[in-house]
J.: 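Take this structure, written in structure tokens, and hold onto it; I'll ask about it next.
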2 protein chains.
Amino acid sequence: MSESKTNSDLSFDFDFLDKLVVGIGEVSQITGIPPRQIRYWEEKGIITSLTEEEGKNRRYNYENIKKMLLIKELLDEGYTLDASAEKVKNRMKMIEETLNKLQNKKD
Amino acid sequence: MSESKTNSDLSFDFDFLDKLVVGIGEVSQITGIPPRQIRYWEEKGIITSLTEEEGKNRRYNYENIKKMLLIKELLDEGYTLDASAEKVKNRMKMIEETLNKLQNKKD
DNA sequence: TCATAAATTGTAAATTATTTACAATTGCAA
DNA sequence: TTGCAATTGTAAATAATTTACAATTTATGA
């Protein structure tokens with residue numbers, strides 16, 4: 001009785017989002033960014049993955065994916081990769097805060 | 001200029017959900033259901049995947065994952081697999097309808 | 001134009017993850 | 001105990017990803 005999981009409708013699933021961690025192939029399909037490019041961005045430190053150990057497959061969460069989509073948009077607008085990454089930082093903070101508020105609505 | 005993608009906040013991402021298609025490993029991590037069990041359910045026709053061709057890796061969308069979670073809950077409550085599947089059908093219809101409403105809010 | 005750096009892309013060999021198929025095991029009810 | 005439902009185990013083959021080294025394309029300033 002300690003936790004309620006009525007889950008009556010999709011109201012919406014922030015615990016689902018929290019568990020959502022996917023591989024590079026899925027991210028590529030979702031975002032339209034080729035795997036090779038995703039690896040390159042990560043190699044440059046523009047994005048990070050949740051990968052446990054070297055050699056194991058890369059893992060990305062919702063925030064990672066969101067970030068890639070934002071960077072992609074800015075690149076299309078003509079920003080450089082570094083400039084895009086810098087600009088996206090602020091947006092990411094807002095997204096993080098929003099997610100936190102929605103998840104730990106403890107008050 | 002034909003399509004607007006301001007994407008100002010997460011308001012919330014039903015187009016993201018629409019593109020969200022993941023492999024069996026991810027589903028297993030998300031749901032806590034072992035891959036072997038997921039394959040078994042699929043083999044029995046309880047669930048379906050979006051897999052393109054035989055031999056290729058299985059692909060699941062949000063509805064598939066949601067369905068598995070619901071079935072898992074009912075199994076825990078003591079229902080048989082078939083009974084769980086039957087019961088879940090109704091819930092799935094509602095979820096589908098809700099998703100459709102939220103996605104094609106064309107009116 | 002030329003040089004230089006940024007950004008992306010190509011690919012081979014090794015590794016990881018998944019598939020299928022056949023089989024064994026477990027739990028439960030008659 | 002028997003029989004069925006449900007799950008689990010696993011080997012061999014295949015699919016997908018990793019790393020590493022390299023080539024190519026694109027933008028930008030001298």
Side-chain angles (χ1 to χ4, degrees), chain A residues 19-62 64-65 67-89 92, chain B residues 19-62 64-65 67-89 92:
Chain A
K19 289 179 198 149
L20 185 64
V21 173
V22 303
I24 199 169
E26 285 80 21
V27 174
S28 179
Q29 282 187 272
I30 292 166
T31 63
I33 304 168
R36 189 66 185 77
Q37 192 168 16
I38 295 173
R39 288 191 204 100
Y40 169 68
W41 289 359
E42 189 168 345
E43 169 187 321
K44 277 212 54 175
I46 300 298
I47 58 172
T48 55
S49 72
L50 311 173
T51 315
E52 300 163 1
E53 306 172 49
E54 151 146 347
K56 299 282 184 182
N57 290 7
R58 288 170 172 77
R59 296 279 168 230
Y60 302 94
N61 62 14
Y62 177 75
N64 295 147
I65 298 171
K67 185 168 185 177
M68 293 185 221
L69 285 169
L70 293 174
I71 290 175
K72 186 188 178 194
E73 281 184 33
L74 292 176
L75 281 179
D76 286 345
E77 289 178 23
Y79 289 97
T80 67
L81 186 55
D82 288 326
S84 300
E86 184 58 33
K87 251 182 164 274
V88 156
K89 271 189 188 172
M92 290 312 298
Chain B
K19 288 179 199 149
L20 184 65
V21 173
V22 304
I24 197 168
E26 285 80 21
V27 173
S28 179
Q29 283 186 270
I30 292 166
T31 62
I33 304 168
R36 189 66 184 77
Q37 192 169 16
I38 295 173
R39 288 191 204 100
Y40 169 67
W41 290 0
E42 190 169 344
E43 169 186 322
K44 277 211 54 175
I46 300 297
I47 57 172
T48 54
S49 72
L50 311 172
T51 316
E52 302 164 358
E53 306 172 48
E54 152 146 345
K56 298 283 184 181
N57 290 8
R58 288 170 172 77
R59 295 282 169 229
Y60 303 94
N61 61 14
Y62 178 74
N64 295 147
I65 298 171
K67 185 168 185 178
M68 293 185 220
L69 286 169
L70 292 175
I71 289 175
K72 187 188 177 194
E73 280 184 33
L74 293 178
L75 281 179
D76 287 344
E77 288 179 23
Y79 290 97
T80 66
L81 186 54
D82 288 327
S84 300
E86 184 57 33
K87 251 184 164 272
V88 156
K89 271 189 188 172
M92 290 312 298

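From a predicted model like this one, the values you see are computed outputs, not experimental measurements.
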J.: Answer yes or no: does a side-chain N or O of A:Arg39 lie under 4.0 Å from OP1 or OP2 of D:dT18?
T.: yes
J.: Between B:Trp41 and A:Tyr60, which has a closest nucleotide on DNA chain D that is more 5'?
T.: B:Trp41
J.: Looking only at the side chain of A:Tyr40 (C-beta and beyond, no hydrogens), which of the listed nucleotides C:dT9, C:dT16, D:dA16 gets closest?
T.: C:dT9
J.: Separation of A:Tyr79 atom OH from C:dA7 atom P, in whole Å?
T.: 15 Å
J.: Take atom CD of A:Glu52 and atom C1' of C:dT15, then tell me their distance rounded to the nearest Å.
T.: 16 Å
J.: Does the distance from a Lys or Arg side-chain N to an Asp or Glu carboxylate O, for A:Arg39 and A:Glu42, drop under 4.0 Å?
T.: no
J.: Round to a whole Å and report the spacing from CD of B:Glu26 to P of C:dT16.
T.: 17 Å
J.: Specify the closest pair of heavy atoms between B:Tyr60 and B:Met68, including all atoms of both residues, with the distance to one decimal.
T.: CD2-CE, 3.5 Å
J.: For C:dA7, does OP1 or OP2 lie under 4.0 Å from any side-chain N or O of A:Gln37?
T.: no
J.: Figure out the CG/P separation between A:Leu81 and C:dT9, and round it to whole Å.
T.: 12 Å
J.: Between A:Asp82 and A:Gly55, name the one whose nearest nucleotide on DNA chain C is closer to the 5' end.
T.: A:Asp82
J.: Give me the atom names and distance for the closest heavy-atom approach of A:Ser49 to A:Thr51.
T.: OG-OG1, 2.6 Å
J.: The side chain of A:Ile24 lies closest to which of these nucleotides: C:dT16, C:dT18, D:dT18?
T.: D:dT18
J.: What is the distance, to the nearest angstrom, from the CZ atom on B:Arg59 to the C1' atom on C:dA17?
T.: 11 Å
J.: Would you say D:dT19 has OP1 or OP2 under 4.0 Å from some side-chain N or O of A:Arg58?
T.: yes
J.: In whole angstroms, how far is the P atom of D:dA27 from the CG atom of A:Asp76?
T.: 13 Å
J.: Could you please spell out the steps behind the side-chain contact (heavy atoms from CB on, under 4.5 Å) verdict for B:Thr31 and B:Ile65?
T.: CA-CA 7 Å; B:Thr31 62; B:Ile65 298 171; 3.8 Å; yes
J.: For B:Lys44 and D:dA6, is the shortest distance between a side-chain N/O and OP1 or OP2 below 4.0 Å?
T.: yes
J.: On DNA chain C, compare the nucleotides closest to A:Thr80 and A:Asn57; which residue's is nearer the 5' end?
T.: A:Thr80
J.: Taking the nucleotide of DNA chain D with the nearest heavy atom to each, does A:Glu54 or A:Gly78 sit closer to the 5' end?
T.: A:Glu54
J.: Heavy atoms, side chains only, cut-off 4.5 Å: are B:Asp82 and B:Ile46 in contact?
T.: yes
J.: Can you measure B:Glu43 atom CD to D:dT8 atom C1' for me and round it to whole angstrom units?
T.: 12 Å
J.: Starting at atom CD1 of B:Ile38, determine the distance to atom C1' of C:dT19, rounded to an integer number of angstrom.
T.: 14 Å
J.: What about B:Arg36: does its side chain form a donor-acceptor pair under 3.5 Å with the base of D:dT8?
T.: yes
